[in-house]
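Chain letters run A, B, ... following the sequence lines, proteins first, then strands; residues in each count from 1.
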Protein chains: 2
Amino acid sequence: MVNIKDVAKVANLSVATVSRYLNQNGYVSKNSSERIEQAIRELDYKPSSVARSLSKKQSNIIGLIVPDIKNPYFPELARAVEDMAWSYGYTVVLCNSDDQIEKELLYLERLSQTYVAGLIVATSLLDPSVYLSINTPIVALDRIIDATVPTVATDNQKGARLGGEYLLTNGARNLLCIGGPHGLKTADDRLTGFLEATDKHGLDPIVITSSFDFKVAAKAIEQCLAINPQIDGIFASSDTLAIAALHIAHKLGKRVPEELQIVGFDGIALGEMVSPPLTTVGQDLYKMGTAAATMLIEQIEGKEIKQTVLNIDPQLIVRGTTRKEAAK
Amino acid sequence: MVNIKDVAKVANLSVATVSRYLNQNGYVSKNSSERIEQAIRELDYKPSSVARSLSKKQSNIIGLIVPDIKNPYFPELARAVEDMAWSYGYTVVLCNSDDQIEKELLYLERLSQTYVAGLIVATSLLDPSVYLSINTPIVALDRIIDATVPTVATDNQKGARLGGEYLLTNGARNLLCIGGPHGLKTADDRLTGFLEATDKHGLDPIVITSSFDFKVAAKAIEQCLAINPQIDGIFASSDTLAIAALHIAHKLGKRVPEELQIVGFDGIALGEMVSPPLTTVGQDLYKMGTAAATMLIEQIEGKEIKQTVLNIDPQLIVRGTTRKEAAK
DNA sequence: TTGAAAGCGGTACCAG
DNA sequence: CTGGTACCGCTTTCAA
């Protein structure tokens, strides 16, 4: 592998000058620049980012921590992050934490050993202090870590209220809310928002909670629907959960949306593929991902961060699992 | 950050000895070991993997190149790779090539600058020679690069034959085959396999090809089905395509599987979520991913690779988009 | 404008 | 068994 020394030799300059040229800092005469360019081309020189990391104590690696990339929500986020990182010359390391504290901690440790440039964290089980203590730029994506950590998130409560209200204006009265796992703030907020909507109408919906796992959720929903056949509207706090509900509705022979309406939350691509396509409270996932990456890179590169909290407004996306004609 | 020198000082030994201890090579007396351990604990020392990479010219980073992580096929593979990499102390960098030569080339270049330990490549548009020339362990996943590159793949032809035959034994006679993008070997093999099955029955199915994009595919399928309403069996060369077909069937009011049977290929999780759940030719994606990672790590660590080609046998997974009672 | 040289944090060879 | 030390490839003072 050709190194900076070789380039210097060919250009008949010192490595210091070549380095200055490479980093575009310090003085390099026009003439020298040309000789360096020439040498680089001639030798097909590529700087070693490892050596660079070592001397600068800073790499161009961004760590992306998600619970599980298999959850269809995260690939869309990951793709957006990766695109933005790519265009700024960063590289993203994928970390699946499985929402396990131990694993996340170990990841953090490993990443810090590589002088990771920054972290995008889409999980939130560790104590905020540990994220703050690692002394690396960080942004929270989708989940809030702490008021002091720059964050890109959705107003979950508002979104859920939107979803609940839509179900109501569409005539559903016997509601079921499928909440996400207990203790997950995102999920709790969605539940709260939904209940705000139903409270206003003096309704008292059934609430169940479930893990985001499809099969587990499907089973829970099936049981619930068996006991409460009167249910005519379901608000699910994730699209996966909503699709599980749709699946069970088909299995039980309930017609959607005629007998049972379903509203999801997230706006994953999958929602458009099922039949009927899923009405949902959608977030612009790509935008969230790119925004998070941008905020992180700005921090890394020491720029003033314009805003430390970006709240993405969720939007109701009406598709086929709700009746539209009934609106108003 | 505390470094090896600090440890050496506290343990009252030289850095050489500490290094030997750390790498478990060379001699270190029991007594010294204990002092080192003690010092490490005391200082909470973590070796810098960057420095290590520089001096060994080898990192613990594995590059995973996929076309697009948003394609539901890849998260399952990526997760498996990441799990295995994690357990061996490697870290995976996610690269989305978008099946663009230029981008893939740039990735390869960037990765080689970081002394990447190895590559898992799930794309195959570059000339084999470039993969071979980068002088890094590599394994091809799902797509074949070259006979000399260790590979984990599926017997696509056989799988497609299986799928085609199943459709036939189930009574479908007016067949449609939805192939993947032209020129993609995986897709071509699946088409070939399917045609083998139909040929044997003297049938001449309709064949269309489509990109793997859901919407594009759906449109093409809709047109085809409109022109050929007699179609009663569809073999899709990916689950996404099959789900698009299912989606269109619902839209057109065709009952699945009574009027129209569908068989997909891949075995992605999504297939179980749609209604009716998708009958498909499934590959064990997790196994493919872990196998690829294992083969790569063995190469990296210089072990004898037991086998350089692992052919995963595809399995017919009968679910709800085919009629089972008709079998035999 | 340019260059010499001291790191950055390890590894590994060689001598003791 | 242990220590001295020359790298690995690049960045960054400090002098010239």
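Between B/Lys46 and A/Gly26, the one whose closest nucleotide on DNA chain C sits nearer the 5' end is A/Gly26. The nearest heavy atom of DNA chain C to B/Thr17 and to B/Ala51 marks one nucleotide each, and the one closer to the 5' end goes with B/Ala51.
Distance NZ (A/Lys57) to C1' (D/dC10): 14 Å, rounded to an integer number of Å. Separating the OH atom of A/Tyr115 from the P atom of D/dC10 is a distance of 17 Å, rounded to the nearest angstrom. Protein atom CD of B/Gln58 is 11 Å distant from nucleotide atom P of C/dA12, rounded to whole Å. Across the protein-nucleic acid pair, B/Asn25 atom CG and C/dG10 atom P stand 15 Å apart, rounded to whole Å. If you measure from atom CZ of A/Arg35 to atom P of C/dT2, you get 8 Å, rounded to the nearest angstrom. A straight line from CD of A/Gln113 to P of C/dC8 spans 18 Å, rounded to a whole angstrom. When the P atom of C/dA12 is taken as reference, atom OH of B/Tyr27 falls 16 Å away, rounded to whole Å.
Checked for salt-bridge contact, A/Asp98 and B/Arg79 meet the test: a charged N lies under 4.0 Å from a carboxylate O. Between B/Asp83 and A/Lys70 there is no salt bridge, since no side-chain N of the basic residue sits under 4.0 Å from a carboxylate O of the acidic one. Between B/Lys103 and B/Asp68, no side-chain nitrogen of the basic residue sits less than 4.0 Å from a carboxylate oxygen of the acidic one, so the salt-bridge criterion is not met.
Within the 4.0 angstrom heavy-atom criterion, no nucleotide atom of any strand lies near A/Ser53. Nucleic acid contact class of A/Ser19 (heavy atoms, under 4.0 Å, all strands): base. Within the nucleic acid shown, A/Tyr21 has no heavy atom closer than 4.0 Å to any nucleic acid atom. Within 4.0 Å (heavy atoms only), B/Leu13 reaches sugar-phosphate atoms of the nucleic acid but no base atom. Within 4.0 Å of B/Val50, counting heavy atoms only, lies no atom of the nucleic acid at all.
For A/Arg20 against C/dG3, a side-chain N or O and a base N or O form a donor-acceptor pair under 3.5 Å.
Comparing C/dG9, D/dT5, D/dT2 by their nearest atom to the side chain of B/Asn3 picks out C/dG9. The side chain of A/Pro47 lies closest to D/dC10, out of D/dT11, D/dG3, D/dC10. Among the nucleotides C/dA4, D/dT2, C/dG10, the one closest to the side chain of B/Ile4 is C/dG10. Between C/dG9, D/dT12, C/dT11, one nucleotide has an atom nearer to the side chain of A/Lys56 than all others, and that is D/dT12. Side-chain proximity of A/Tyr45 to the nucleotides C/dG3, D/dT2, D/dC10 is greatest for D/dC10. Taking the side chain of A/Leu54 as heavy atoms from C-beta on, and the options D/dC1, C/dT11, C/dG9, the nearest nucleotide is C/dG9.
Taking all atoms of both residues into account, the shortest heavy-atom contact from B/Val66 to B/Ala122 is CG1-CB, 4.2 Å.
Within the 4.5 Å cutoff, the side chain of B/Leu119 has heavy atoms near those of the B/Leu111 side chain.
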